[in-house]
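Keep in mind that what you see is a predicted model, and the values were worked out from it rather than measured.
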Amino acid sequence: LLNCAVHCLNNLYQQRWVDAAAMDALADRVAAENQASSWWNPYRSVLPRVGNYDVTVIVEALKQQDGSLAMHLLN
């Protein structure tokens with residue numbers, strides 16, 4: 001029950017603005033938008049309340065705060 005993504009996002013913005021319930025709802029929304037399986041959500045942990053989320057859910061949470069994620073690749 002570490003909820004690393006929740007703690008990371010809250011620490012990034014230095015305030016408590018997201019919780020596990022909000023991240024679960026985002027994971028459900030992303031799964032529905034991507035027509036994921038109805039019995040398994042690939043955007044969060046199979047175990048309830050563990051707090052492991054796909055990076056897609058984290059990006060969607062960042063968008064709620066007008067944030068974004070950029071990847072920089074080095075050769």
Side-chain angles (χ1 to χ4, degrees):
L1 305 179
L2 299 176
N3 288 306
C4 296
V6 171
H7 295 300
C8 177
L9 291 168
N10 287 333
N11 286 330
L12 179 66
Y13 285 96
Q14 293 295 298
Q15 61 181 328
R16 182 180 159 93
W17 65 272
V18 71
D19 58 14
M23 292 295 282
D24 285 344
L26 276 174
D28 291 341
R29 191 186 86 207
V30 169
E33 288 173 357
N34 293 305
Q35 300 173 350
S37 170
S38 60
W39 62 273
W40 177 64
N41 187 335
Y43 297 98
R44 67 175 178 194
S45 175
V46 216
L47 302 172
R49 304 262 189 244
V50 171
N52 294 336
Y53 302 98
D54 183 83
V55 70
T56 309
V57 178
I58 296 169
V59 170
E60 288 301 313
L62 286 170
K63 287 179 184 177
Q64 290 183 347
Q65 294 287 327
D66 294 324
S68 63
L69 179 71
M71 288 182 30
H72 300 280
L73 302 175
L74 302 174
N75 290 333

Indicate yes or no: does R44 engage D54 in a salt bridge with an N to O separation below 4.0 Å.
no
Distance (rounded to the nearest 0.5 Å) between N3 CG and N52 CG:
8.5 Å
May I ask you to check whether over 12 heavy atoms, not counting those of Q15, lie within 6.0 Å of atom CD?
yes
Considering residues, nucleotides and ligands other than R29, do more than 12 of their heavy atoms fall under 6.0 Å from its CZ?
yes
A20 and Y53: which non-hydrogen atoms are nearest, and at how many Å?
O-OH, 3.4 Å
Would you give the length of the straight line joining atom CG of D19 to atom CG of N10, rounded to the nearest 0.5 angstrom?
8.0 Å
Which distance, rounded to the nearest 0.5 Å, do you find between the NE2 of H7 and the CG of L12?
14.5 Å
Between the CH2 atom in W17 and the CD atom in Q65, the distance rounded to the nearest 0.5 Å is 4.5 Å
Can you tell me how far apart CG (L9) and CD (Q64) are? Round to the nearest 0.5 Å.
9.5 Å
Which pair of heavy atoms, one from V6 and one from V18, lies closest together, and at what distance?
CG1-O, 3.5 Å
State, with a plain yes or no, whether a side-chain heavy atom of V30 is found less than 4.5 Å away from one of E60.
yes
Within a strict 4.5 Å, meaning less than it, do heavy atoms of the L69 and V55 side chains meet?
yes
Locate the shortest heavy-atom distance separating L62 from S68; write the atom from each residue and the value.
CD1-O, 4.0 Å
Is the backbone of A27 close enough, under 3.5 Å, to the side chain of N41 for a donor and an acceptor to pair up by distance?
yes
